[in-house]
Amino acid sequence: MAPGVPTGRPYMLSACEGWHVAASVGLIAYASRLGGDLGRLREILAGPLAGLFAGIHVLPFYVPFDGADAGFDPQDHTKVDPRLGSWDDIAALAQDGYTVMADLIVNHVSSASTQFADWLAQGPRSAYDGMFLTFGSVFPRGAREEDLLCLYRPRPGLPFTVYPLADGSKCLVWTTFTPQQVDIDVGKRVTRDYLLGVLDQFAAAGVSWVRLDAVGYAVKTPGLSCFMTPETFRFIGEITSWCHQRGLRALVEVHSHYRRQVEIAHQVDQVYDFALPPLVLHALTTGDSAPLLAWMKVRPGNSVTVLDTHDGIGIIDAGADRSRPGLLTPAQVDQLVTTIHRNSGGTSRLATGTAASNVDLYQVNCTFYDALAADDQRYLLARALQFWAPGTPQVYYVGLLAGRNDVELLRQTGVGRDVNRHYYTAAAVNNELRRPVVQALAGLIRFRNSHPAFDGAFEISASGAHLQAAWTNGDQAARLIGRLDSGEGLLRWTTHAGYRQAALTDLARHHTFT
């Protein structure tokens with residue numbers, strides 16, 4: 001039975017300035033893992049996924065796309081890996097009418113890059129001298145113990161890797177993530193020319209959105225954490241202006257305390273709402289909507305809403321930091337992580353923390369579908385909550401197909417994140433699209449894309465485990481009614497013939513919503 005309308009005296013949050021933003025749903029995908037290359041990805045978008053997505057975030061497709069960190073360690077950021085296609089394939093996506101997003105990897109390049117190899121060989125004589133950060137360049141007078149202990153990084157240990165120079169000496173190169181990802185000095189002219197060259201290539205190929213990957217780590221200041229410092233905020237503003245000069249828009253990718261996301265949102269085009277996934281999971285696994293509603297009161301209106309990405313499910317985004325409480329208490333965070341591991345049958349535990357070679361110990365590696373125990377009702381309600389939250393929704397390709405944890409791929413690679421990075425052929429996509437939960441999700445995406453209510457104002461209320469979220473635009477309305485305890489969800493919406501309603505699980509049967 002579909003849930004009824006919440007009763008009692010619900011907490012009400014009306015729409016605020018900046019929330020009158022309707023944007024169609026976008027897709028996040030690796031070309032290598034959804035189809036196999038850029039041409040096949042384009043065929044899938046035009047074929048079985050036709051009409052679902054207005055935008056496509058193509059995850060790193062540079063040389064090489066299959067390096068130490070699935071393309072986030074570019075040897076050449078200005079070249080498309082020929083095994084995937086060419087810049088013409090990126091331009092073709094834009095010409096097809098998709099809003100194309102690409103990653104600008106701000107913090108580092110591959111240790112196998114031409115620039116780094118040249119610097120190792122020639123040192124001060126290299127044209128790239130000064131481009132790479134070392135212990136000595138950041139701490140020219142040396143570092144005290146407290147300077148090193150205050151450094152913030154996403155994995156245990158210090159962020160340095162020993163590299164040999166051509167003269168036989170050695171240096172400590174700054175490597176925030178993996179030893180193969182060498183950090184660059186964004187304050188140097190040679191580095192800025194490199195980054196500007198990538199942005200010029202993006203603009204020439206029809207890319208319109210730039211995701212600033214790992215930008216929170218990009219500025220190193222002695223004596224500070226070297227993560228999201230005042231200097232980092234200034235640099236984010238500067239690189240955003242570079243994007244605007246080229247007709248590009250900037251999306252900042254930072255996993256951090258939720259207050260930082262609010263601060264960042266004021267100086268960029270969009271930020272990720274990384275707090276939403278753990279809060280939705282908490283609500284749907286405990287029946288407690290209070291943390292989610294508290295976040296709705298303060299979250300930025302210019303958010304990109306996600307439940308899953310190529311990374312893990314961020315926990316730090318809803319948790320406390322050293323000095324500030326989080327949206328979830330430490331006990332609630334611990335309970336959430338335990339629940340995800342239980343719901344996934346323990347497979348997420350195999351892929352998380354020190355159990356696999358992870359770069360992020362503050363994330364749980366798990367598909368969102370498995371995090372909800374592969375419960376179709378709860379999964380569809382989670383997606384509806386994402387789509388009703390103000391902002392621009394994006395769906396990760398594994399989430400689109402309600403994918404399960406790929407334990408076999410995890411065993412092959414030993415990389416925790418690969419549990420949520422399954423490889424789908426075009427035939428596999430067609431097979432997955434026949435599943436009722438995937439068909440219902442496709443119906444929900446079409447609803448979010450087409451109903452005029454989403455151009456209006458938003459409100460949300462809750463009473464106990466009952467929750468309502470609604471968009472209203474004149475006489476047009478789209479209302480989500482959910483029961484967090486059971487996972488049941490109901491939609492009520494206006495059409496030219498009056499109100500209609502359907503359970504979320506029945507949306508596959510509806511082909512028009514207006």
Side-chain angles (χ1 to χ4, degrees), residues 18 72 77 101-109 128 130-141 143 147-148 150-154 159 174-177 181-200 202-203 209-275 298-304 316-317 321-324:
F72 284 94
H77 207 324
M101 181 182 293
D103 290 274
L104 179 65
I105 300 161
V106 179
N107 181 71
H108 51 264
V109 301
Y128 306 105
M131 183 173 177
F132 304 100
L133 287 167
T134 66
F135 176 89
S137 64
V138 178
F139 299 105
R141 297 180 179 85
D147 294 329
L148 298 178
C150 77
L151 295 177
Y152 179 87
R153 70 190 303 250
W174 201 298
T175 52
T176 295
F177 294 98
Q181 292 164 293
V182 294
D183 289 25
I184 54 180
D185 188 344
V186 297
K188 292 293 196 297
R189 182 74 262 169
V190 62
T191 309
R192 290 172 174 240
D193 288 344
Y194 160 79
L195 293 173
L196 290 170
V198 179
L199 291 177
D200 288 339
F202 284 175
W209 277 91
V210 179
R211 177 182 176 272
L212 304 180
D213 176 73
V215 71
Y217 299 91
V219 181
K220 279 67 170 183
T221 306
L224 300 180
S225 67
C226 297
F227 176 74
M228 293 310 299
T229 63
E231 291 83 358
T232 313
F233 275 86
R234 285 194 287 272
F235 178 66
I236 289 173
E238 187 174 10
I239 200 168
T240 299
S241 70
W242 297 348
C243 291
H244 290 174
Q245 291 163 11
R246 290 159 177 76
L248 304 168
R249 309 282 281 176
L251 168 65
V252 170
E253 182 265 339
V254 172
H255 283 280
S256 183
H257 189 270
Y258 74 91
R259 287 289 180 188
R260 278 204 173 112
Q261 299 287 22
V262 176
E263 294 165 4
I264 296 166
H266 293 301
Q267 67 183 76
V268 297
D269 298 303
Q270 287 192 303
V271 293
Y272 280 110
D273 184 352
F274 283 137
V298 299
R299 66 187 291 277
N302 58 334
S303 291
V304 169
I316 191 173
D317 308 281
D321 64 12
R322 297 175 183 175
S323 60
R324 296 178 290 187

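Note that the coordinates shown come from a computational prediction; the quantities given were computed from them, not determined experimentally.
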If I compare all heavy atoms of [X] with all of [Y], which pair ends up nearest, and what's the gap?
X	Y	value
Gly130	Val190	C-CG1, 4.4 Å
Thr134	Ser137	N-OG, 2.9 Å
Arg189	Leu196	NH2-CD1, 3.6 Å
Thr232	Gly216	CG2-O, 3.7 Å
Gly223	Cys150	O-SG, 3.8 Å
Phe235	Val186	CZ-CB, 3.7 Å

Identify, with sequence neighbours excluded, every residue that meets salt bridge (Lys or Arg N to Asp or Glu O under 4.0 Å) alongside Arg141. none
Set of residues satisfying salt bridge (Lys or Arg N to Asp or Glu O under 4.0 Å) with respect to Asp317, sequence neighbours excluded: none
Going from [atom1] on [X] to [atom2] on [Y], what distance comes out if it is rounded to the nearest 0.5 angstrom?
X	Y	atom1	atom2	answer
Trp174	Asn107	CH2	CG	10.0 Å
Lys220	Thr176	NZ	OG1	4.0 Å
Met228	Glu263	CE	CD	7.5 Å
Leu248	Met101	CG	CE	11.0 Å
Leu212	Leu104	CG	CG	6.0 Å
His255	Gln261	NE2	CD	8.5 Å

Could you note down all residue pairs passing salt bridge (Lys or Arg N to Asp or Glu O under 4.0 Å) where residues 237-247 supplies at least one of them, sequence neighbours left out? Arg192-Glu238, Asp200-Arg246
Check side-chain hydrogen bond (donor to acceptor under 3.5 Å, both in side chains) between [X] and all other residues, then give those that pass, not counting sequence neighbours.
X	answer
His244	Asp269
Ser241	none
Glu231	Thr229
Ser303	none

Quick check: does any side chain N or O of Asp103 sit under 3.5 Å from a backbone N or O of Phe72, one acting as donor and the other as acceptor? no
Is there a donor-acceptor pair closer than 3.5 Å between any side-chain N or O of Arg299 and the backbone N or O of Tyr258? no
Decide side chain to side chain contact (heavy atoms under 4.5 Å, CB included) for Ile239 and Val210; before the verdict, give the C-alpha distance in whole Å, the side-chain angles of both, and the deciding distance to 0.1 Å. CA-CA 10 Å; Ile239 200 168; Val210 179; over 6 Å; no
Pairing residues for [X] by the side chain to side chain contact (heavy atoms under 4.5 Å, CB included) criterion, not counting sequence neighbours:
X	value
Val268	Ile236, Thr240, Val252, Ile264, Val271
Ser256	Phe227, Val254, Arg260
His108	Ile105, Phe177, Gln181, Asp183, Asp213, Ala214
Tyr272	His57, Arg211, Leu251, Glu253, Phe274, Val304, Val306, Gln394

Worked verdict on His77 versus Phe202 for side chain to side chain contact (heavy atoms under 4.5 Å, CB included): CA-CA 10 Å; His77 207 324; Phe202 284 175; 4.0 Å; yes
Which residues pass the ring-ring contact (aromatic ring centres under 6.0 Å, His included) test with Phe135, not counting sequence neighbours? Phe139, Phe160
